K.L.:
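Provided herewith is a single structure, encoded as structure tokens, for subsequent inquiry.
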Amino acid sequence: MHKRNNRELIALFETSRVLTASFELEKNLYSVMEILSKKLDMRRGCVFLLDKKTGEIKIVVAYGLTREEIQRGKYRIGEGIVGKVIDSGLPMVIPDIEKEPKFLNKTGSRPNKKGISFLCVPIKIEDEILGVISADRIYTSQEGDVDDDLRVLLIVASLIAQFLKLWKNYKNMEDENIFLRHQLQDRYNFPNLVGQSSSFQAVLKTVIKIASTDATVLLFGESGTGKELIAKTIHFQSKRSKGPFVAINCAAIPETLLEAELFGSEKGAFTGAVKRIGKFEQADGGTIFLDEIGELPVALQPKLLRVLQERAIEPLGSSTSVEINVRIISATNKNLTEEIKRGNFREDLFWRLNVIPIYIPPLRERKEDIPLLIEYYLKKFSTIYKKSVSIDQEALKMLVSYNWPGNVREVANTVERLVVMSESNIIKVNDLPDTVRCRYKIHKITPASKINLPAEVEAIEKTNIIDTLPKFNFNLRKTAQELGLTERQLNYKIKKYGISIKKGVE
């Protein structure tokens, strides 16, 4: 008896260990059946699972059966012993299958049925029946007790039920991740990079050449030109596409918090600090996108340089380095060579980041791409908002002539707004924003025109403010400096002209 108890404990311990080792369904369940056979002499062990959609019960794994025998082992609910256990949710024992007409032996794995007992218990969690586990047993006067075997099988069935629930959750998450990744790959595919101009085609050719490499990339371009879209496209077209893409805006986080955000921190590294995994470590195996790299504080630049040189980070408050495997793509709308001259950016860091420089031209330098972008976003937002919207020629002419200081982002926001606000299926001149119509009017002025000078000056002033705000992400101080105004003067004019300073969608 003591020997039997030891074998039971070993079998249950090994079963538990196998089921928590991985999410490999068939491999783990086969190992469980093998354990029951070798440790407790339970032969021809099978795990049947119920397909709730079809109502079919079939063998998922079996130990001691051939492939042909496994394929024959299919039942309906209520059919045979297996079907009855599924239907009732209660275990069943057939002391001698030779004398039991309800035992169907569909697998044909028992040509000689004499003396074989059949044990079948439900795999269930709470009131949900997931399947059954079955085994053959030959009892002798010296060895075996049906109650002991049932008790062990019920425990094993309970462990399998918990494993199946976890496995289903894991599979659902994995399937969802695959679906989302396919969506992302579609979204950041080359057809979504719209432009036929030679300058933009040159960008795409470079992206195609470098995507499959691990080369460090520096993207130059004004705000709104699509630097993050290019960065994501490089990532999702690379061998790192299954790894994470982690983006951080170096200008959006206070200097006191940026180091911990980038490199992580240990608990107690500073007042209120908790253990934090930094963006570099989060991006391990994938790509990190450092947006607005020109805004990186000078004090942090040597630490980023070290990461580029050694491919290792040192979390704040730690003396231990953590090796990382990341591709680095950075972006800036600043002239970094000028920033180097001013002492705001390290030259050695610049050359480390500038391995593959890609200049993304503003829309005013690729006017021929504007109609394509308008058409692209018109279709996109018409689909999203379930509308059928087109644009008339005069309105399109105005949109093409506009300078688009906010670049592609401004095009996307403008077209979305037009689609949302459209009351008919055709967007006309009167539907266009004041900024577009005002700018078009200024361009149309000729020396022979009758000019209301104060009104025209105000129109130009208003347009310049509207054009400049997006360039500096609606930062009033920087916008005022660019326009040669004080911040107080700019605030006054914004109120005077009723200009919205709500930030555009990033």
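As the structure is a computational prediction, the values presented were derived from the model and not from experiment.
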K.L.:
Using a 4.5 Å cut-off on heavy atoms from C-beta on, say whether the side chain of Leu40 contacts that of Arg7.
P.N.:
yes
K.L.:
Verify the distance criterion only: is there a donor paired with an acceptor across the side chains of Tyr385 and Glu416 at less than 3.5 Å?
P.N.:
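A pair is found: one side chain offers a donor N or O, the other an acceptor, under 3.5 Å apart.
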K.L.:
Just checking, any donor-acceptor pair under 3.5 angstrom between side chains of Ser223 and Arg409?
P.N.:
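Short answer, yes.
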K.L.:
Checking Glu295 against Glu292 for the side chain to side chain contact (heavy atoms under 4.5 Å, CB included) test, could you report, in this order, the C-alpha distance in whole Å, the side-chain angles of both residues, the deciding distance, and whether it holds?
P.N.:
CA-CA 6 Å; Glu295 301 290 343; Glu292 303 290 2; 4.1 Å; yes
K.L.:
Would you check, one step at a time, whether the test side chain to side chain contact (heavy atoms under 4.5 Å, CB included) holds for Glu26 with Val60?
P.N.:
CA-CA 7 Å; Glu26 293 184 13; Val60 177; 4.2 Å; yes
K.L.:
If you draw a 6.0 Å radius around NZ in Lys27, do more than 12 non-hydrogen atoms from other residues or ligands fall strictly inside?
P.N.:
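No, the 6.0 Å shell around NZ holds no more than 12 heavy atoms from other groups.
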K.L.:
On a heavy-atom basis, which atom in Arg306 and which in Ala312 lie closest, and how many Å separate them?
P.N.:
NH1-O, 4.1 Å
K.L.:
Who pairs with Tyr30 by ring pair (Phe, Tyr, Trp, His ring centres under 6.0 Å), at least two apart in sequence or on another chain?
P.N.:
Tyr63
K.L.:
Say whether, by atom type as modelled, one donor and one acceptor occur between the side chain of Arg311 and the main chain of Val326 under 3.5 angstrom.
P.N.:
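Pair found, side chain donor or acceptor close to backbone of Val326.
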K.L.:
Would you indicate whether the side-chain heavy atoms of Asp148 and Glu8 approach each other to under 4.5 Å?
P.N.:
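Yes, side chains in contact.
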K.L.:
Hey, are the side chains of Thr414 and Pro433 touching, using non-hydrogen atoms and a 4.5 Å cut-off?
P.N.:
yes
K.L.:
Can Glu222 and Asn407 be counted as having a side-chain donor-acceptor contact under 3.5 angstrom?
P.N.:
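Present: a donor and an acceptor within the cut-off.
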K.L.:
Report the C-alpha separation of Glu79 and Arg76 in whole Å, then their side-chain angles, then the decisive distance to 0.1 Å, and conclude whether the salt bridge (Lys or Arg N to Asp or Glu O under 4.0 Å) test is met.
P.N.:
CA-CA 5 Å; Glu79 182 185 15; Arg76 309 292 299 179; 6.0 Å; no
K.L.:
Looking at Lys165 and Glu128, is any side-chain nitrogen of the basic one under 4.0 Å from a carboxylate oxygen of the acidic one?
P.N.:
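Counted as a salt bridge, because a side-chain N and a carboxylate O are separated by less than 4.0 Å.
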K.L.:
For a quick test of reading the model, state the closest non-hydrogen atom pair linking Pro95 to Ser117 and the distance between them.
P.N.:
O-OG, 2.6 Å
K.L.:
Could you please spell out the steps behind the salt bridge (Lys or Arg N to Asp or Glu O under 4.0 Å) verdict for Asp136 and Arg44?
P.N.:
CA-CA 6 Å; Asp136 289 3; Arg44 284 180 287 274; 2.6 Å; yes
K.L.:
Take the angle between the ring planes of Phe245 and Phe289 and call it parallel below 30°, perpendicular above 60°, tilted in between.
P.N.:
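Phe245 vs Phe289 ring planes: parallel.
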K.L.:
With side chain to side chain contact (heavy atoms under 4.5 Å, CB included) as the criterion, how do Ile360 and Phe220 come out once you've worked through the C-alpha distance, each side chain's angles and the decisive distance to 0.1 Å?
P.N.:
CA-CA 6 Å; Ile360 305 169; Phe220 296 93; over 6 Å; no
K.L.:
What distance separates Leu154 CG from Ile133 CD1, expressed to the nearest 0.5 Å?
P.N.:
9.5 Å
K.L.:
Which residue is it: Ile57, Ile59, Leu50? I am looking for the one with a side-chain contact (heavy atoms from CB on, under 4.5 Å) to Tyr75.
P.N.:
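Result for side-chain contact (heavy atoms from CB on, under 4.5 Å) with Tyr75: Ile57.
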K.L.:
Between CD1 of Ile329 and OG1 of Thr233, what distance do you get to the nearest 0.5 Å?
P.N.:
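Ile329 atom CD1 to Thr233 atom OG1 measures 9.5 Å (nearest 0.5 Å).
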K.L.:
Would you mind writing out the side-chain donor-acceptor pairs for residues 83-93 within the sub-3.5 Å range, not counting sequence neighbours?
P.N.:
unit_1: Ser88; atom_1: OG; unit_2: Lys84; atom_2: O; d: 3.0
unit_1: Ser88; atom_1: OG; unit_2: Leu90; atom_2: N; d: 3.1

K.L.:
Which heavy atom in Phe48 sits nearest to a heavy atom in Ile123, and how many Å separate them?
P.N.:
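The answer is O-CD1, 4.3 Å.
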K.L.:
Please assess Ser212 against Arg240 for the test side-chain hydrogen bond (donor to acceptor under 3.5 Å, both in side chains), listing each intermediate value before the final yes or no.
P.N.:
CA-CA 9 Å; Ser212 61; Arg240 293 177 175 268; over 6 Å; no
K.L.:
Do NZ/NE/NH1/NH2 and the carboxylate oxygens of Arg72 and Glu68 come within less than 4.0 Å?
P.N.:
no
K.L.:
Taking all heavy atoms of Ser238 and all of Arg327, pick out the closest pair and write down the distance.
P.N.:
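Heavy atoms only, the tightest pair is CB-NH1, 4.2 Å.
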K.L.:
What are the two closest heavy atoms between Ile324 and Glu281, and how far apart are they?
P.N.:
CG2-CA, 4.3 Å
K.L.:
Got a sec, which residues hit side-chain hydrogen bond (donor to acceptor under 3.5 Å, both in side chains) with Glu261, two or more places apart in sequence or on another chain?
P.N.:
Arg276
K.L.:
Ile427 and side-chain contact (heavy atoms from CB on, under 4.5 Å): which partner among Leu399, Val415, Val389?
P.N.:
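Only match with Ile427 under side-chain contact (heavy atoms from CB on, under 4.5 Å): Val389.
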K.L.:
Just checking Glu323: does its CD atom have more than 12 heavy atoms from other residues, nucleotides or ligands closer to it than 6.0 angstrom?
P.N.:
no
K.L.:
Specify the closest pair of heavy atoms between Ala299 and Glu255, including all atoms of both residues, with the distance to one decimal.
P.N.:
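Answer, listing the atom of Ala299 first, then Glu255: CB-OE2, 4.3 Å.
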K.L.:
Has Ile426 got more than 12 heavy atoms of other residues, nucleotides or ligands less than 6.0 Å from its CD1?
P.N.:
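No.
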K.L.:
Test salt bridge (Lys or Arg N to Asp or Glu O under 4.0 Å) on Asp149 and Arg151; report intermediate values, then the result.
P.N.:
CA-CA 5 Å; Asp149 287 339; Arg151 177 170 46 78; over 6 Å; no
